Structure formats: C-alpha cells, structure tokens
Amino acid sequence: MWAVSTVTMLVLAGILPDFQLQSADGDSATSIAVTAALGAGAFGLLSAIFWPLLVRLLLLVPALVLGLLVFFLNGSLLIVALRLVPSGDSAAAPETAVIVAAVMSAVASATGAALAVRDDDAYRRRLYRLADRRRRALPPGPSSPGTVFLQLDGVGHDVLRAAVDKDLMPTIARWLGDSAGHGTGGGARPTHRLTPWRTDWSSQTGASQLGILHGSNHDVPAFRWYEKAGREVMVCNRPTSAAELQRRAIDRTGDGGLLTADGASRGNLFSGGADEQALVLSIATKRRSRENRSRAGYFAYFSDPANAVRTALSFVAEVGREIGQSTRARARKVRPRVSRGGLYPFVRAFATVVERDVVVAAVMGDMLAGRTSVYADLVAYDEVAHHSGPCSRDAEKVLERLDRAMALIEKVAEHAPRPYRFVVLSDHGQSPGETFRARYGLGLGDLVRAGCGLPVPRRAQRTHSGAEARAAVRAALRIPVEEGGEQHRPSRRRSEPIVLASGNLGLVSFPDVPHRMTKEEIDARHPALLATLANHPGVGFLLVRSEKHGGLVLGAYGAEIPLDQLDDKPGPLEVFGPGAADAVRRTHSFPNVADIMVNSAYDPADGGEVLAFEEQIGSHGGLGGAQGKPFLLSPLAFSVPVDDGEDLVGAEHVHRVLRRWLRESNGPQVPLVAEPEERAA
C-alpha cells in the first residue's frame, strides 16, 4: 500500500501545478522518488496515529458536514507530512493538498479492494488474511451455524418479487433458484423460500421491529401517538421513546429479546437483547460508556481513512444523484410528487451510503468474530421510496445496491470461523399514492379543526416524514429527535385536539379528557366531527369507543358496525382484505389507542393507492395495500415458517418463528429460552 501511495503521489506531482516534490532548482529523479516515498510514509503514519482520534471528534459534529471534514482533515495531514520530509522542498497549496490526499486514499482503498459494494479476488484474499488472524487469536468457535438476519426496511413482498423478475437482485434470485425463470439464477436449485406475512394495523418499523426483536408490540398503536397518562407524544424513532418501548416489551415478555444468546444488533431501533450493539436508537440517549456502544460502529468504520474517503466520495455522488433525479421529476411534471429539497438530499445520502456502509461493515465484522446471531436493518430503500415512490426507478436502483451488499456479506461468510445462514426479511411494505393534502387541499389536522368548529389556518403546517434515516442521523450525533409540533408535552389550549399522522393512519386525541373519549362524548362536544371525518372521500373508516357497543367502526353514509360483528358485516373494512377486522380489534384493546383512529381511503382498483396524511408518495403505517405485506426469505434448512394453508400474521408471530430457527441452529444441547406459551404448556 505504501508503494501505491508513493506512485500516486509522483503522478499527482506531475499533473497538479500547485503540488511539487522538488526544489525550485530541480532535483534528480532519485531525490524526487525518495521525497515521494518519505511523504507517503509520513502521511500513512500520521493517518494511522491521528486519524482514530480525529474520528472521535468527527462524531461530535453534524453528519451532513462529515464528508467535507474528511477531505479537509486528510489534506491537513498531507501538508503536515510534506513538511516533515527532510528535504523541505515539497509543498502543496491547501486546496491541492485536499485533492491529493483524497486521491491517494481513494486509490489505496480501491487497490486494497476495501469497497463495500465490490467483490473481487483481492478483497477475498484480504478477508481471508483477516479471518485467519482472528482464528489464530481466538479460541476455536462452535461448529453450529450462526444466523444473520438482514432487514430490508420497507421492501414489500411484491416489490421484492418484481425486482427478482427484472434481474435487479441476482443474489436473491439465486437463493430462490429463480423459479420465475427471469433472473440470473438460471433455474439453479433454490436454497431459500419466500413467504409473505401480514403486519399489524400499525404497519411501520417501530411496531414491527419491536415485535420481531422483543416478542411484543402491545400498545404501539401507530408511529406516533399521544399518551394521556403521561401527557406525552410518543414517537417510535425518538431515542427516549424507543428506550421506553423496549423496556415495556421486556417487562411484558419477561425476556431480553431475540439476540440474547451471543447476538449483535446493528442499525436497529431496538437492541433485541444483544450484548454487541452499534447504531441502536434505544440506547442513543445514554452517556458514552461500556454499556453504550450505539455509535461505536461509526468509529470502527471511519477509523480507516480509506473507508472515510470512499464513503465521503459516495456520499457526495449520492447527493448529486438525488438532486438530478428530483430535478428531472419536476421538469417532467411527474405526479404524484412531494418536495425533495432542503436537507433531504443529505438525509437520503446518509441512509443509502453512510448507514449502509457502516452497517454492512459491522455485520462482516460480526461474522468474522463468529457471533451466533446478528440482526441488521438497512433503511436505504424505505427512505428513497417515501419521496420517489415504492416502484420508482430511483427505488429500484437502491434495491440493486442492496443486493450487491448482500452478495458481499455472503462472500465474507466463506472466511468466517463458522458457517452462516442468511434470513432476509422486511418490516412492512409501502403503498403508493398522492398525499391527502395534495388531493383535497387540506390536511387531516385542518379537517379535524373544521369538524370541531375551530378556525383553519390558511397555511397549515406540514407533517414531516417519519423515515428512519432522519432519526439515525440525529441519534448518531446526539441531537434530540423532535419533529415540528411534536413536543414531549404539547402546550395547547385544553379544548383543541392533538392530531398526529403515521403514514395513512391518523390519530385524534383530546388532551383535556383523561380517559379515552366515547363516541357519545365526542358527539356531545363536537356534533359534526365524526360525521365530517367518516363521510370525507379521503377517509376509509374510523375506530372509536362506544358506551353501548364497546369498539365501533364508522364509515360513510352513517355506517356504524360494532367490532364483534365485523366478521359477518365488515362494512368499510371489506375493501382492506382479510385480517383487517382482527387488526382493528387488537388495536382497540391497547390502553393508549387514540380517541379517534382514522385510516385513509384505499382503492385496490387504482394501483392499491392510499392517501398519506404525511408528505409521502410512498407511505406505510395503516391498513391498505402493499404496506401490510412484507416478506420473509428463509433458508430451506430451517423448518417452514407456517404450515400449508396458514398465514404468518403479525410481528410477534414472526418473532416466534425466528426464535424457533435459532433453537434449530444451536441444537438441543444449547437451547434458547422457550416462548411464554411453551413454558406454560
């Protein structure tokens, strides 16, 4: 690597006018070569000594300027290195030093094959040497296979199937044996099976991942909701809320989680009980300590300056790609469309580049360390699909890059001290459709205020996207995750309702009433509200509590159906398909369900579109369409998830399946704790 850096420095000295390795009088070729060698060596030594310290400081600054700082710090180290050369004749202008340092690091990275999206012979040899050193340093690992769970956030079952058919995901196609006959699998023998599953009513990462990792998502009615007892808005991607939700789940199940047996949690909202945690939101509020390693993954990855430069270059390229794609969408007047300006290009680049690279590197390290179970969340597709659409070309490009990342992880397993099995799954899908505001000219909050007889602002405040990438950026930097109008303790006039949105699911709460209001109480206070909501063409149905019937589903034209009659008379729920009634009944039982639950209209005949109450053209969070149909891709070596004729329903059911598979991998000699129902039996 030193020789490569030396040659790179010589080439750049001959190209760039402000970069010299010789004195004004001229030096011999040998002297110049020696100067380059000494300069490259000094640069490498300074990077090895000071870069880890600089990375710790970098983690204290906003991630959106991390890429620029990487370049400037690398350039500063090069200037110092040149001044340490004994000849004293080498020099570089500051801006030139930045370019030279970036090129040297990038060339070194490419030469070392340290790219997280490449898979060549040099990289395999490097991995083999690393794995061989680990094996010599550690005691022999177990012979039983480990399990890697890769969550492709927001990728629906049908989207995955379509991507395989379009040859966008050859790794997945090969695992499936390309049964559709389209991809590069060429009809090879399959190693995995693809199973759809059905989410709960709250079809979003907070509810799904909590259920998958901790076995319970009880009392998580939405992505964000108001709890009257504590007078607080809970938001799944707020670190304090995530920590509280995890604590409640552990208290309810009496178990630490899916990953308690030598597990690692990477890039998730929750820990799953893992000992090794990095980029985990639920521990992001804790002070730095041995117990809090939430941001350790960033340090481990960026401590290699070649990684830092490569990711920074990719970050800048992704920002440019998003700006170009959004500009084309505006020029072509693509509909539906939402705003993609401001900081969004940088948030997207963080999700699709920085978060992906760091999480993939962490998973590779876990496998080389021989960990028993690893669960990692890759949020890239979800972030892009929210703003570009779940079936857009922009989103398809992200799927291609995720497939390459999975191919790399699979290749690393060849060098791990134990065999590994790969389970790929999603937490929800995404349903397309324009926003509620774009179609009707007002938001859900405006409609609620009108129904209550309150004044409606001419310019209503928009609800920000609840995408996981925004929280990941903030949690990595210890910035409080607060979205507009979502204070921990809302300060409103007592008579005004709190209206929150979770994709196409809306929640209306009256904070001055300490209990969940009944339909009768709401009608007495605001006689027009429920009728205004239920009869609006953009609303599919409402859920309220009734003094007479218990739970009650309201629809257009005066439809009122008690929950215990939905199986025989689904009414407005019929269009939402099987399982909708059970999902609504389960949510009704939650202590913190809102006074009024509002699900948007859904049109299966119009491409399965829903109307998001947020600024998203690909949304999830409620009932309707592809958002409620994620996937589970599992090795054939595992038992079938469910028997023929049965459906895999709910994140808690998925948790039980994954626990069963971990027991199968570990064998009867090292059993995991049985599930509660198994212990009772």
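Residue indices begin at 1 and follow the sequence shown. Owing to the predicted nature of the structure, the values given are computational and were not obtained by experimental measurement. Heavy atoms only: backbone and side chains are in, while hydrogens, waters and symmetry mates are out.
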Donor-acceptor pair, distance only, cut-off 3.5 Å: does the side chain of [X] make one with the backbone of [Y]?
X	Y	value
His157	Pro630	no
Arg545	Arg516	yes
Ser326	Ile323	yes
Gln204	Gly206	yes
Glu355	Ala380	no
Ser502	Arg224	yes
Arg238	Val233	yes
Arg585	Leu563	yes
Ser282	Ala243	no
Ser546	Gly551	no

Verify the distance criterion only: is there a donor paired with an acceptor across the side chains of [X] and [Y] at less than 3.5 Å?
X	Y	value
Asp200	Thr587	no
Asn592	Asp219	yes
Arg198	His653	no
Ser431	His620	no
Asn504	Ser619	no

Quick check: do [X] and [Y] have side-chain heavy atoms less than 4.5 Å from each other?
X	Y	answer
Phe350	Glu383	no
Val553	Glu560	no
Asp153	Asp427	yes
Met517	Lys228	yes
His214	Thr253	no
Val220	Trp225	yes
His428	Gln627	no
Trp201	Met597	yes

Note to self: Let's go through Glu521 and Asp595 carefully: what are the C-alpha distance in whole Å and the side-chain angles of both, what is the deciding distance for side chain to side chain contact (heavy atoms under 4.5 Å, CB included) to 0.1 Å, and is it a yes or a no?
What the structure shows: CA-CA 10 Å; Glu521 290 175 316; Asp595 294 327; over 6 Å; no

Measuring from [X]:[atom1] to [Y]:[atom2], what's the distance to the nearest 0.5 Å?
X	Y	atom1	atom2	result
Gln430	Cys391	CD	SG	9.5 Å
Phe223	Asn237	CZ	CG	3.5 Å
Lys629	Leu160	NZ	CG	11.5 Å
Leu573	Leu623	CG	CG	7.5 Å
Tyr375	Gln209	OH	CD	5.5 Å
Lys519	Ile522	NZ	CD1	9.0 Å

Notebook entry, point to check: Do Asp165 and Arg161 pass the salt bridge (Lys or Arg N to Asp or Glu O under 4.0 Å) test, and can you show the C-alpha distance, the side-chain angles, and the key distance before you say yes or no?
Noted result: CA-CA 6 Å; Asp165 292 345; Arg161 187 71 261 180; 3.6 Å; yes

Notebook entry, point to check: Going through the distances and angles, do Leu152 and Phe631 end up as a side chain to side chain contact (heavy atoms under 4.5 Å, CB included)?
Noted result: CA-CA 10 Å; Leu152 304 187; Phe631 72 89; 4.2 Å; yes

Determine the minimum heavy-atom distance between [X] and [Y], stating which atoms define it.
X	Y	result
Val448	Pro497	CG1-CG, 3.7 Å
Gly154	Tyr381	O-CE2, 3.2 Å
Glu614	Thr435	O-CG2, 3.4 Å
Asn217	Ala651	ND2-CB, 3.9 Å
Tyr602	Val610	CD1-CG1, 3.9 Å
Glu318	Arg348	OE2-NE, 2.9 Å

Heavy-atom count check: over 12 atoms from other residues, nucleotides or ligands less than 6.0 Å from [X] [atom1]?
X	atom1	result
Arg252	CZ	no
Arg332	CZ	no
Glu520	CD	yes

Check: Does the side chain to side chain contact (heavy atoms under 4.5 Å, CB included) test come out yes or no for Phe270 and Leu245, once each step is laid out?
Finding: CA-CA 9 Å; Phe270 310 103; Leu245 293 176; 4.1 Å; yes

Checklist line | Residue from Val598, Ile561, Val584, Leu533 passing side-chain contact (heavy atoms from CB on, under 4.5 Å) with Phe541 | finding: Val584

Item checked: Identified side-chain contact (heavy atoms from CB on, under 4.5 Å) counterpart of Ile250 within the set Arg247, Arg248, Gln246 -> Gln246

Next item on the list: Measure the acute angle between the ring planes of Phe436 and His536, then classify it against the limits of 30° and 60° as parallel, tilted or perpendicular.
Entry: tilted

Notebook entry, point to check: Between Arg335 and Glu434, is there a side-chain N and carboxylate O pair less than 4.0 Å apart?
Noted result: no

Item checked: Residues Leu425, Ile212; criterion side chain to side chain contact (heavy atoms under 4.5 Å, CB included); working and verdict -> CA-CA 10 Å; Leu425 72 162; Ile212 293 170; 4.0 Å; yes

